[in-house]
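Worksheet for the structure shown next.
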Amino acid sequence: MILLNKKKRIQYLGFNDIWFSIIGIFVLSIITDYLFSNQSERKTVELKFIGWVASSFFTICDWLILRTILIYLRKKFPDFRNDIKRILLLLFAIVSIIIVVDFVGGQLISATLNLLGYNSSHSSRLKTLIPIILITTMTMAIYEAVYYYVRLKKSIREEEQAKQIMIQAQLDTLRNQAQPHFLFNSLNTLRDIIDQDSKEDAKDFVDNLSDVYRFILESGNANLISLKEELKFVKAYIHIQSERFGDNLKINWNIPEAKLAAMIVPMSLQLLIENAIKHNIVSRAKPLNVYVEIKGSYLVVRNKIQTKSTQTPSTKIGLKNIEKRYTLTSSKLPIIKNDGDQFTVSLPLLKLSDQKKNYTNTNT
């Protein structure tokens, strides 16, 4: 029985109502006894006790029957859209059950008392039943209020969980996009090395590439990473690019030691440097200078625009990827500026607490 099964009580009622039922029945029995009784006719303690027992009988019957109907209606109409229908049916049940229990129960109690030698009769009185109906309705309203609150809380939690799963899937997709993007450009570099240099240089490049991919695998599940770790990765990446460009690629660092604990989106700095190499001339005549520095609460990456005469086909992943991952992870977004002479991207320096609440547990 649901009355005795705590798990089912909580499932269908929203809370463990055992004490609520006991106290409610006791209080309502006293109210019912007062409304139905004629105190002038109950001159002895015995008669007063019998009257209270009779009122308790009515109250227990009303409570348990309506509670059973309440649970049945919740099983049949569990959705929010059915709330009005369920409540109207419950109100109809309250009126019907109280009238039926009063009539049938009253006849049974009168017959029992007459058999025991007491002079008893029962007649239904509308002016007495109306207060009982109103009190019972208010009691059932408490059940409904608790049930609505519990369902609303559960619905919000499930909605947030679904949203979290969806956003996490988007983050995973973006991370997986960034990795092939890096591999594609690295393989192009490897091809150039094979064409221009010895096999030993190619082997060294592959060794460095494997070190970089080890980092990618180790940080692949994180939404944020420390600037210190990102710099370690980027410097390994630059070492790979130096195989191709030599001193024609110059990275100018200005990163205070105190800022190394700040967090950024993984591979974001690497993607910016990669884009700078991809879209600008890097030659002895026009070396590419990339400046990486801290300004306030931003990591700023800038370079002079040295447009190539023939542009390499772009996958259009880099900047959009970074912007999207920042959007999903925090409320602070990158700032991108192109004044025709300098191309500048400012990445927000974050803390773990800056992450949107849905994703604070997704870092590993």
Side-chain angles (χ1 to χ4, degrees), residues 1-37 42 45-46 48-109 112-113 122 124 128-161:
M1 289 179 60
I2 292 178
L3 181 63
L4 301 176
N5 189 314
K6 179 179 178 181
K7 184 177 180 181
K8 288 188 177 295
R9 282 201 303 272
I10 294 174
Q11 177 183 351
Y12 294 113
L13 299 174
F15 68 110
N16 184 4
D17 75 327
I18 187 70
W19 283 109
F20 179 71
S21 297
I22 292 171
I23 296 171
I25 288 171
F26 177 74
V27 172
L28 286 179
S29 67
I30 294 175
I31 295 173
T32 303
D33 181 45
Y34 177 79
L35 291 173
F36 272 95
S37 67
R42 298 186 185 180
V45 174
E46 182 183 13
K48 290 180 179 180
F49 178 74
I50 290 172
W52 176 74
V53 170
S55 297
S56 298
F57 171 77
F58 285 114
T59 304
I60 291 171
C61 289
D62 287 339
W63 189 289
L64 294 182
I65 293 171
L66 288 172
R67 186 178 177 280
T68 301
I69 292 173
L70 183 74
I71 292 170
Y72 169 78
L73 291 174
R74 288 178 181 180
K75 287 181 179 179
K76 190 170 180 65
F77 305 109
D79 297 332
F80 281 104
R81 65 175 179 269
N82 295 321
D83 279 359
I84 294 177
K85 181 190 295 185
R86 191 185 69 254
I87 291 171
L88 289 175
L89 289 172
L90 179 60
L91 289 173
F92 176 77
I94 290 171
V95 175
S96 302
I97 294 302
I98 288 176
I99 292 174
V100 171
V101 167
D102 176 71
F103 176 77
V104 175
Q107 299 303 319
L108 288 173
I109 289 175
T112 302
L113 291 175
H122 180 80
S124 296
T128 303
L129 291 180
I130 289 176
I132 299 299
I133 290 171
L134 292 175
I135 293 169
T136 304
T137 300
M138 287 189 289
T139 303
M140 293 298 113
I142 294 174
Y143 273 114
E144 279 299 318
V146 172
Y147 185 57
Y148 181 84
Y149 171 76
V150 170
R151 284 187 305 150
L152 182 62
K153 190 175 179 181
K154 181 181 177 183
S155 175
I156 292 172
R157 184 171 62 250
E158 289 176 347
E159 184 179 346
E160 289 299 321
Q161 288 174 345

Measuring from [X]:[atom1] to [Y]:[atom2], what's the distance to the nearest 0.5 Å?
{"X": "Thr59", "Y": "Phe26", "atom1": "OG1", "atom2": "CZ", "answer": "11.0 Å"}
{"X": "Ile99", "Y": "Ile132", "atom1": "CD1", "atom2": "CD1", "answer": "12.5 Å"}
{"X": "Leu134", "Y": "Ile94", "atom1": "CG", "atom2": "CD1", "answer": "10.0 Å"}
{"X": "Arg151", "Y": "Asp83", "atom1": "CZ", "atom2": "CG", "answer": "4.0 Å"}
{"X": "Asp17", "Y": "Ile142", "atom1": "CG", "atom2": "CD1", "answer": "11.5 Å"}
{"X": "Leu90", "Y": "Ile97", "atom1": "CG", "atom2": "CD1", "answer": "10.5 Å"}

- Query: Does atom OH of Tyr147 have more than 12 heavy-atom neighbours from other groups under 6.0 Å away?
  - Reply: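 More than 12 within 6.0 Å, yes.
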- Message: If you count heavy atoms of other groups shown closer than 6.0 angstrom to CD1 of Ile84, is the number above 12?
- Response: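 Open: at most 12 neighbouring heavy atoms sit under 6.0 Å from CD1 of Ile84.
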- Item | Salt bridge flag under 4.0 Å for residues Arg74 and Glu144 |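 Salt bridge flag = yes for Glu144 with Arg74.
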Which pair of heavy atoms, one from [X] and one from [Y], lies closest together, and at what distance?
{"X": "Leu66", "Y": "Thr136", "value": "CD1-CG2, 3.4 Å"}
{"X": "Asn82", "Y": "Phe77", "value": "CB-CB, 3.6 Å"}
{"X": "Trp63", "Y": "Ser21", "value": "NE1-OG, 3.4 Å"}

- Residue that, paired with Ile135, satisfies side chain to side chain contact (heavy atoms under 4.5 Å, CB included) out of Ile31, Ile98, Val27: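 Of Ile31, Ile98, Val27, side chain to side chain contact (heavy atoms under 4.5 Å, CB included) with Ile135 is met by Ile31 alone.
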- From CA spacing to verdict: side-chain contact (heavy atoms from CB on, under 4.5 Å), Phe20, Thr139: CA-CA 10 Å; Phe20 179 71; Thr139 303; 4.2 Å; yes
